[in-house]
Amino acid sequence: MGSRVIIIGAGIIGAAIAAELAKSGQSVTVIDAAAGPASGASGRSFGWINASYSLSDAHFHLRFSGMDAWRRWHSQHPTLSIAWPGCLYWLDDCAELAKTAEQLQALGYPIERVGADEFAVRAPAIGPVPQEALFFPGEGAAEAGQVAAQLLELARSYGACVVTGTRVENIAVHNGRVQGVQVKEGVLKADRVVVAAGNDNAALLASLDVPLPMLRRPGAMVVTRPTTTVLNHVMASPELELRQTSDGRILAPAAADHQADESETLSSDPETLANDTISRLNTLLPGTDLEWESVTQALRPVPGDGLPVVGHTGPDGLYLAVMHSGVTLAAIIAESVAGELSGSEASHLLAEFRPDRFREV
């Protein structure tokens, strides 16, 4: 039996790490303050698996590797709530669209150029039809809350334990070495602690003199009532991003281009946001008469420079994993973390995303 690991956080990142560590023979316990898994940002995510958005070449390669990792996991566990519909992407500015295509092709990203006639065949419900679009055939979509729950069940099948409704008050340290985590009732012992609690990470790390600046990035996700199938792909339009789930509901972030959205506050109250989003959906999908069923809000876990933060930090035995988008990155992060915690060579994919970069600021 390997060392005992406590993972703080039962979102998609924590769940994926738990499954991978437990599979490798580690003794794993997942702890989350919420009553169930993925109760924060993961359960309110758009769920788009992609590398067409990135902030640097290293970020692109990590995200692209994340897509490959999810395909491996999905082939091994086909019941995971993941699909691979690809994405249709277009802009109002055709020159900007061509520039995006050139940049992604230079990085080796699979792209198909789609003219107006072909677009109308692929997405007959969309109007008006754009003059040109890009199709990213490798992109996918995950029902992130369901996937997190499924991965926790997988972790349990390998012997992991999951504790929910229990808040970690701080990380116990003695002589520069992690001893476990402090909860209300006492200390739960562990040799290693992985902090994967999203926006709650910063507070846990503050007492350990581990800097983790976090941006305030609220998001609102609008979900429609079920309707007939009108979308075959993830759609990324200038007005908004949208996709349809297997049960007929359409998901749309209230913010256009939500991956790059830098707003620190939501523009309006939830009902107004939902009504505005529905209005834009009905304009983009003429002939539909969509109604919103729910709107959920969450703070996306975005580190201070927008990039993932992954690696050993602070006292011996402490490991940090916080990022947006966790949906795209969860599988590759889990594989990399499991390798590094087992003592294998450090992952080259994570070289530019280490926590200690914030000590240099």
Side-chain angles (χ1 to χ4, degrees), residues 11-12 34-50 53 81-83 85 87-90 92 123-130 139-149 198 216-302 324-327:
I12 196 166
S39 297
S42 292
R44 301 164 188 180
S45 168
F46 185 51
W48 186 6
I49 300 172
N50 75 86
Y53 169 81
S81 298
I82 296 173
C87 171
L88 275 171
Y89 170 90
W90 69 102
D92 291 329
I126 297 290
V129 173
E139 296 187 352
E143 309 310 328
Q146 296 176 27
V147 172
R216 180 174 175 80
R217 293 292 183 264
M221 185 64 56
V222 177
V223 182
T224 72
R225 298 188 185 282
T227 187
T228 56
T229 300
V230 294
L231 299 175
N232 299 314
H233 311 292
V234 177
M235 314 297 289
S237 80
E239 292 80 19
L240 77 172
E241 296 153 354
L242 61 156
R243 68 179 182 89
Q244 192 164 19
T245 62
S246 60
D247 62 8
R249 290 173 170 83
I250 293 176
L251 275 64
D257 193 15
H258 86 283
Q259 294 183 113
D261 179 32
E262 296 184 353
S263 303
E264 294 187 354
T265 59
L266 294 174
S267 61
S268 190
D269 63 88
E271 184 173 1
T272 301
L273 286 172
N275 287 333
D276 173 70
T277 303
I278 286 294
S279 177
R280 286 182 285 146
L281 279 172
N282 282 327
T283 299
L284 189 63
L285 297 167
T288 62
D289 187 17
L290 300 172
E291 298 178 349
W292 66 273
E293 182 178 75
S294 64
V295 56
T296 57
Q297 299 183 27
L299 281 177
R300 291 166 288 174
V302 184
H324 179 74
S325 158
V327 172

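Note: hydrogens, waters and symmetry copies are ignored here, and every other heavy atom, side chains too, is used.
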Just so I know, are the side chains of [X] and [Y] near enough to count as touching, which here means a heavy-atom distance under 4.5 Å?
X	Y	value
Leu285	Leu231	yes
Leu284	Ser237	yes
Arg243	Met235	no
Thr227	Leu290	yes
Glu293	Arg249	yes
Asp247	Pro226	no
Ile126	Trp90	yes
Val234	Glu241	no

Would you give the length of the straight line joining atom [atom1] of [X] to atom [atom2] of [Y], rounded to the nearest 0.5 angstrom?
X	Y	atom1	atom2	answer
Trp48	Leu251	CH2	CG	13.5 Å
Arg44	Met221	CZ	CE	11.0 Å
Asn282	Thr277	CG	OG1	11.0 Å

Is a donor on one side and an acceptor on the other found under 3.5 Å between the side chain of [X] and the backbone of [Y]?
X	Y	value
Ser279	Asn275	no
Arg216	Leu299	no
Asp276	Thr272	no
His233	Pro85	yes
Arg300	Pro218	yes
Gln244	Thr228	yes

Where do Arg280 and Leu240 come nearest, in terms of heavy atoms and distance?
->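 The answer is NH1-CB, 3.8 Å.
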
Gln146 and Ser81 side chains, donor-acceptor separation under 3.5 Å =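 The criterion, which ignores hydrogens and geometry beyond distance, is satisfied for Gln146 and Ser81.
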
Neighbour count above 12 (heavy atom, 6.0 Å) for Gln297 CD = yes

